[in-house]
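Just the heavy atoms: all of them, side chains too, but no hydrogens, waters or symmetry mates, feed the values below. Counting starts at 1 for both ligands and their atoms, in listed order. The structure presented is a predicted model; accordingly, all values stated were derived computationally and were not measured.
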Amino acid sequence: MKQKPLKGTVSVPGDKSISHRALIFSTLLEGICEVKNCSQAVDCESTAECLSALGVRIDRERERGAVTKNVTVHGQGLASLKRPSTTLFAGNSGTTIRLLSGLLAGQPFDSVLDGDKSIRKRPMQRVTKPLAEMGASIEFLSTGNGHDSGEKLPVTGYAPYSIRGGNLTGRSFDLAVASAQVETAILLAGLQADGATTVNLPAPVRDHTRRMFQYLSVPLVHADERTLSVKRLTTPPKAKRIDVPADMSSAAFFMVAACLVEGSDLLLKDVGMNPGRLLALEVLKSMGAAISIENPRSFGLEPVADIRVKHEGRLKGASIGGAEIARGIDEIPILALAGALCQGEFTVSGAEELRHKESDRLEMITDNLKAAGADLEARQDGFVIRGQASLAGGSQWKTHEDHRLAMTGLIANLICQEKLDIEETDSIKISYPTFAMDLAYLTD
Ligand code: S3P
């Protein structure tokens with residue numbers, strides 16, 4: 001198949017992690033909070049809908065019938081949240097269910113949190129346990145066999161669960177997993193607790209929460225690379241406009257594609273350059289990719305830049321593992337594709353956390369790449385790939401309705417000799433609804 005280079009300029013959608021936080025943190029504030037370039041992904045809609053069910057007024061600008069990227073949240077402080085009359089449905093979004101758990105842990109009413117079949121398989125005790133230790137009452141709700149997939153799975157530790165907020169007491173937590181979601185959930189509870197609440201992380205992660213708290217004047221007791229500490233928020237800070245950078249995790253798909261397809265020359269605009277999100281960019285550069293950072297600036301306290309990527313021959317091998325994995329956890333599937341075509345060996349270790357994402361992403365990516373002809377050895381915590389000059393393709397590409405697997409499949413299709421049979425691409429709307437359109441524009 002003739003490969004089509006990626007050429008031109010693209011602004012990928014607003015950052016999903018920052019959009020969730022912008023919507024949720026607006027409820028801490030007093031006044032009208034404009035969120036510009038908010039992600040229109042289904043995951044962020046799940047957050048907005050849950051907040052609406054909690055009585056938060058959220059307005060979306062409309063243009064010719066469609067919602068735009070500008071969202072207005074009417075913040076009235078945490079005391080204004082109301083008991084929801086329905087189950088709070090997080091859909092596919094781990095960030096929604098975990099962050100809202102922290103928010104609700106301090107609220108004096110009952111709510112029930114649930115999500116789709118993928119959410120129901122993801123571990124929730126990492127947030128519910130610390131929140132219960134702070135004083136929230138959390139109960140896992142049995143749903144017959146627990147899961148609508150028909151599989152027998154333990155019901156304790158998985159959605160759905162109910163939360164009744166309590167009088168919380170601040171505590172110090174040493175997290176076993178380097179998770180920004182867990183950190184943020186605990187801190188949202190900490191803003192409603194007596195005394196200080198401290199989260200110590202085993203490795204640095206995306207620090208959007210610290211940056212947004214500081215930007216919004218939410219007082220911090222302590223902040224460094226691995227520790228964040230807050231106390232009760234007694235007065236809601238004044239609402240402020242939040243500008244959301246483009247999503248590095250979405251940009252990574254086009255970055256890898258441009259590195260792999262001869263003749264590519266791509267400019268990605270306004271991409272968030274949070275230090276906790278830079279692994280993919282750093283790894284590609286270490287593999288010899290021609291990537292340059294242009295026009296560095298900031299949106300609020302988030303660093304932003306334009307990223308130029310040009311194809312420049314085959315990439316070299318790389319080895320990633322340990323603490324750095326957390327800084328690129330969502331990009332490992334697409335990096336694996338770069339690894340499959342490198343000149344040398346591409347190794348990932350210490351990435352077991354990938355088994356607890358929207359799907360078991362280690363199993364999915366290794367199975368798919370092997371089926372497509374990659375020389376790959378799967379391991380419990382990662383994989384080793386001996387790179388090849390080309391990938392045969394012509395195989396089935398499973399997604400398990402995981403958006404990042406589906407997008408990796410579409411990029412793999414650009415370089416495989418024979419077209420892949422991709423299980424589905426509808427899941428892509430979870431993070432990047434216009435992905436196929438942007439890809440078509442860049443490869444036109
Ligand atoms: C996110 C943190 C990461 C990431 C997820 C979004 C966030 O999860 O995988 O897509 O917004 O905080 P963990 O913190 O659980 O690793």
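- Residue pairs that meet the side-chain hydrogen bond (donor to acceptor under 3.5 Å, both in side chains) test with at least one member in residues 215-225, sequence neighbours left out, are His222-Asp224.
- With contacts defined as side-chain heavy-atom distances shorter than 4.5 Å, the pair Glu183/Arg226 does not qualify.
- Looking only at side-chain heavy atoms (C-beta outward), Cys342 and Met287 come within less than 4.5 Å of each other.
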Yes or no on salt bridge (charged side-chain N to carboxylate O under 4.0 Å, His left out) for Arg206 and Asp330, after CA distance, side-chain angles and deciding distance?
-> CA-CA 12 Å; Arg206 61 193 73 198; Asp330 296 329; 3.3 Å; yes

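- Partners of Phe213 according to the ring pair (Phe, Tyr, Trp, His ring centres under 6.0 Å) rule, which considers only residues two or more places apart in sequence or in another chain, are Phe25.
- Sorted by first and then second residue, the pairs that involve residues 225-253 and meet ring pair (Phe, Tyr, Trp, His ring centres under 6.0 Å), not counting sequence neighbours, are Phe253-Phe435.
- Closer than 4.0 angstrom to ligand 1 sit non-hydrogen atoms from Ser17, Arg21, Thr95, Ser179, Ala180, Gln181, Arg206, Ile329, Asp330, Lys357.
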